[in-house]
Amino acid sequence: MPRNSLKQTRNIGFIAHIDAGKTTVSERVLYFAGRIHKLGTTDDGNTALDWMDQERERGITITSAATACSWGEWDINIIDTPGHVDFTAEVERSLRVLDGGVVVFDAVAGVQPQSETVWRQADKYNVPRICFINKMDKIGGDYYGAIETIVDRLGGNPVAIQIPMGAEDNYRGVIDLVEGKSYTYPDDTGEFEEGGVPDEYQEEFESRRQEMIEKVAETDDGLLEKFLMEEDISVEELKGAIRRSTIEYKMVPVLSGTALKNKCVQPLLEAVGAYLPSPLDVPSVHGTVPGKDGEELERKASFDEPFAALAFKTVTDPFIGRLVYFRVYSGTAKSGSTVLNTVTGDRERLGRIVKMHADQREEVEEVFAGEIAAAVGLKDTSTGETFCDLENPILLEKIEFPDPVVSVAIEPKARADQDKLSDALVKLSDEDPTFRVQYDEETGQTVMSGMGELHLEILTDRMVREFKVEANVGRPRVAFRETIRKNTTAEGKFVRQSGGHGQYGHVIIEMEPLDRGEGVQFENKIRGGAIPTEYISSVEDGVRGALNNGPKSGFPVIDLMVRLIDGTYHDVDSSKVSFEIAGSMAARTAVNRCNPVVLEPVMSLEVVTPEDYLGEVIGDLGRRRASVESIDAQNDTQIVKASLPLAESFGYANDLRSITQGRAGYSMEFDRYLEAPESVVEAQAT
């Protein structure tokens with residue numbers, strides 16, 4: 001059995017914008033919880049959780065790392081996630097299986113672009129969270145200013161449950177507004193002195209505590225009545241109200257600290273246990289009966305329920321082979337047992353079960369509800385798939401990932417390495433759902449697609465180091481799209497006569513444009529049996545197949561509605577194949593009639609630059625066809641928000657570093673598709 005009950009289990013993730021200090025916070029949490037015995041730093045490249053060579057060299061997190069520790073009465077499972085937008089899928093799949101999150105913010109910058117992205121992802125999966133304002137020792141660190149950015153930019157309801165003592169070089173600890181305790185750190189060792197509220201903070205403490213109680217009371221009916229009646233509220237009542245409101249997404253407790261200087265990590269651990277949910281506090285997981293659309297099932301977080309787990313990550317381990325990370329939602333499973341993959345319908349054997357500490361493994365005999373572990377032996381189970389008890393099948397909701405936006409051509413330097421390259425690409429795409437590989441029949445190239453230049457650069461580097469394959473990589477190719485601008489009706493008729501049975505398929509479709517982001521929709525408007533029901537899906541397959549290659553650029557056609565309105569069939573000669581071809585012919589004809597246009601992916605860009613370089617930054621963006629949307633001042637820096645075509649973004653990191661002497665930073669993520677200028681279309685065609 002696990003060391004503690006489900007009530008004392010916490011499954012949390014550290015999420016944030018790049019460079020906010022997630023990994024440093026995670027490292028200190030593990031150190032003060034006694035899980036590791038030597039502190040590392042991202043600058044030195046020796047942290048426990050950033051274990052990949054690429055992470056240590058670049059000082060960034062690339063892959064989410066799982067670990068666990070104990071603090072007081074709580075067992076805490078931790079996932080440290082990347083902050084760079086190129087690796088947002090790691091955050092997505094981690095949040096899907098977590099019960100709570102710690103959002104780390106830079107005390108100077110507050111909410112940054114990727115902070116918004118991870119906050120939205122946490123909202124999507126209804127993940128309760130607490131905020132940790134890190135780097136309070138930095139010049140310009142502003143605890144309450146950072147909290148204001150959470151209100152202004154995230155629309156959150158942050159409630160400060162601490163008062164920082166000092167700031168910048170004089171930051172020395174916090175006062176807990178809930179319990180009226182102070183935690184003072186005389187040096188950077190992490191040793192602290194616990195005491196009462198210092199006299200010089202007494203007035204602020206009273207004021208801030210009253211403000212906190214009022215905000216908590218607004219979210220908790222039980223506390224509101226006592227607050228309005230001006231009755232005494234005990235510490236336990238207050239903690240209970242904060243916990244309930246946090247779990248119900250009504251408020252977000254906010255703490256402060258500086259992880260690099262080892263200050264205020266212990267109070268953060270206390271808050272994780274006190275305010276974030278256990279598996280029992282979040283709603284039971286729901287799924288469906290495999291093969292029976294719409295019939296729902298529920299699995300409670302209990303050891304007594306049938307076993308159900310979701311695979312959220314796969315990794316190729318050089319020593320033990322393929323590892324599948326999974327979250328157990330209900331029941332228990334033993335090493336060596338057989339489980340059912342309800343997506344593929346296959347039976348799989350849980351050969352070995354291991355608990356992970358970054359890249360270190362600890363073998364266990366059994367895994368329980370509420371735990372996060374990894375399995376060896378699940379050969380055909382991939383990310384997002386459910387595996388469960390043989391006698392009680394359930395299909396849990398899959399994880400949705402964004403489509404890749406950057407592509408490059410890749411080929412081995414030596415012809416003899418072609419098979420090794422193919423093997424490496426297959427294994428890497430198995431690990432990463434946002435990494436796609438396809439063979440382009442027209443150009444004869446192998447094309448790999450990802451979320452950005454850094455993403456593809458890391459994967460190429462891994463091929464060299466892990467799979468010993470040297471490869472040539474071409475310039476990134478942008479994933480353009482096409483769409484239509486007007487309505488039309490088109491006919492597709494496929495007739496072949498050769499000896500015995502011939503082929504006959506005849507369809508009439510309507511096509512009209514949709515708003516951006518609505519995808520390709522197909523609607524069957526056949527009435528009276530003009531086309532038999534069994535051929536309708538074949539028509540849709542033909543239409544969708546034709547739309548994979550647009551007439552102007554060869555890229556997929558998107559954001560349109562296709563309605564099948566009429567057609568004819570032959571009792572003998574009609575077949576699924578003939579109607580699929582007819583649907584394809586009609587779709588191609590319709591697209592050509594609808595004034596097709598090429599769309600290019602446009603990125604949302606935010607540049608943070610010293611004021612001295614604002615002119616150079618704006619000038620460079622103008623040369624890149626960027627549309628500047630706003631320029632905001634924050635202290636002595638300027639924040640430029642712009643829309644930038646992806647095709648113009650390549651090499652931007654180096655150029656920005658050059659024109660600002662390395663003092664500016666930026667973040668970028670996919671925003672939308674917009675019509676591309678004719679010059680871009682012509683350049684794409686050549």
Side-chain angles (χ1 to χ4, degrees), residues 1-13 30 33-35 65-71 73-79 94 96-99 277-282 284-285 287 297-315 317 319-343 346-383 385-396:
M1 292 291 287
R3 191 180 74 86
N4 277 329
S5 70
L6 279 169
K7 190 175 180 181
Q8 274 73 50
T9 298
R10 301 288 182 270
N11 292 314
I12 68 163
L30 295 177
R35 186 68 175 82
T67 186
C69 66
S70 298
W71 180 260
E73 61 183 303
W74 299 298
D75 287 335
I76 305 174
N77 296 312
I78 297 169
I79 296 182
S94 298
R96 172 66 175 80
V97 298
L98 292 171
D99 300 324
S278 73
L280 298 174
D281 296 316
V282 295
S284 301
V285 68
L297 289 174
E298 180 186 35
R299 289 283 189 272
K300 296 177 181 177
S302 167
F303 302 155
D304 301 322
E305 289 268 309
F307 174 71
L310 182 75
F312 67 93
K313 180 181 172 77
T314 59
V315 173
D317 188 287
F319 300 105
I320 61 175
R322 192 170 183 266
L323 266 177
V324 177
Y325 286 69
F326 62 94
R327 159 73 189 266
V328 184
Y329 284 100
S330 63
T332 66
K334 291 186 176 180
S335 177
S337 59
T338 301
V339 294
L340 174 68
N341 182 321
T342 49
V343 175
D346 296 330
R347 295 186 174 203
E348 296 247 48
R349 185 172 177 272
L350 285 170
R352 291 160 59 192
I353 300 174
V354 294
K355 289 291 192 68
M356 301 300 297
H357 173 55
D359 60 335
Q360 305 297 311
R361 300 168 300 277
E362 174 191 337
E363 198 156 336
V364 295
E365 286 300 313
E366 192 169 7
V367 67
F368 301 87
E371 292 193 318
I372 293 172
V376 183
L378 297 175
K379 296 179 181 178
D380 299 314
T381 298
S382 300
T383 298
E385 295 180 350
T386 305
F387 55 98
C388 59
D389 181 71
L390 291 172
E391 305 300 323
N392 297 277
I394 185 173
L395 180 61
L396 302 178

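Hydrogens, waters and symmetry mates are skipped; everything else that's a heavy atom, side chains included, is used.
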Subject >> Side-chain touch L6/S278, heavy atoms, less than 4.5 angstrom >> reply: no
Original post:
Can you list every salt bridge (charged side-chain N to carboxylate O under 4.0 Å, His left out) pair that touches residues 324-337, not counting sequence neighbours?
Top reply: D99-R327
Original post:
How far does CD of E385 sit from CG of D380, to the nearest 0.5 angstrom?
Top reply: 8.5 Å
Original post:
Of all heavy-atom pairs between L323 and V354, which one has the smallest distance, and what is that distance?
Top reply: CD2-CG2, 3.9 Å
Original post:
Listed by chain and number, what are the side-chain hydrogen bond (donor to acceptor under 3.5 Å, both in side chains) partners of N392, not counting sequence neighbours?
Top reply: D389
**OP:** Side-chain contact test, heavy atoms from C-beta onward, threshold under 4.5 Å: evaluate it for L98 versus I12 and give yes or no.
**Re:** no
Subject >> Smallest separation among heavy atoms of S284 and E298, with atom names >> reply: CB-OE2, 3.4 Å
Let me have the donor-acceptor pairs involving side chains of residues 301-313, under 3.5 Å, with sequence neighbours excluded, atom names and distances please.
unit_1, atom_1, unit_2, atom_2, d
S302, OG, D304, N, 3.0
E305, OE1, K300, N, 3.3
K313, NZ, T63, OG1, 2.6
K313, NZ, E90, OE1, 3.1

**OP:** Check whether any side-chain heavy atom of V97 lies under 4.5 Å from a side-chain heavy atom of Y325, and answer yes or no.
**Re:** no
**OP:** Return the set of residues passing side-chain hydrogen bond (donor to acceptor under 3.5 Å, both in side chains) with R96 (not counting sequence neighbours), or none when no residue passes.
**Re:** Y329
Subject >> Test salt bridge (Lys or Arg N to Asp or Glu O under 4.0 Å) applied to R352 - qualifying residues, sequence neighbours left out >> reply: E363
Subject >> Distance (rounded to the nearest 0.5 Å) between T67 OG1 and I78 CD1 >> reply: 6.5 Å
Original post:
Counting N and O atoms only, with roles assigned by atom type, does the side chain of T342 sit under 3.5 Å from a partner on the main chain of P393, one being a donor and the other an acceptor?
Top reply: no
Original post:
Out of curiosity, L396 CG to F387 CZ, how far, rounded to the nearest 0.5 Å?
Top reply: 10.0 Å
Subject >> Value rounded to 0.5 Å, distance of CD1 in I394 from CG in L297 >> reply: 5.0 Å
Original post:
With T381, which residues qualify under side-chain hydrogen bond (donor to acceptor under 3.5 Å, both in side chains), at least two apart?
Top reply: N341, E348
Original post:
So how far is it from E366 CD to L350 CG, rounded to the nearest 0.5 Å?
Top reply: 11.5 Å
**OP:** For the pair R322 (side chain) and T314 (backbone), establish whether a donor and an acceptor sit closer than 3.5 Å, ignoring hydrogens and angles.
**Re:** no
Original post:
Has the side chain of N11 got a donor or acceptor atom that lies under 3.5 Å from a matching backbone atom of G370?
Top reply: yes
Original post:
Roughly how far, to the nearest 0.5 Å, is the CG atom of L280 from the NZ atom of K7?
Top reply: 8.5 Å
**OP:** State, yes or no, whether a side-chain contact exists between D75 and Q8 at a heavy-atom distance under 4.5 Å.
**Re:** no
**OP:** Determine the minimum heavy-atom distance between I353 and A333, stating which atoms define it.
**Re:** CD1-O, 3.8 Å
**OP:** Work out which heavy atom in R349 is nearest to a heavy atom in G336; give both atom names and the distance.
**Re:** NE-O, 3.5 Å
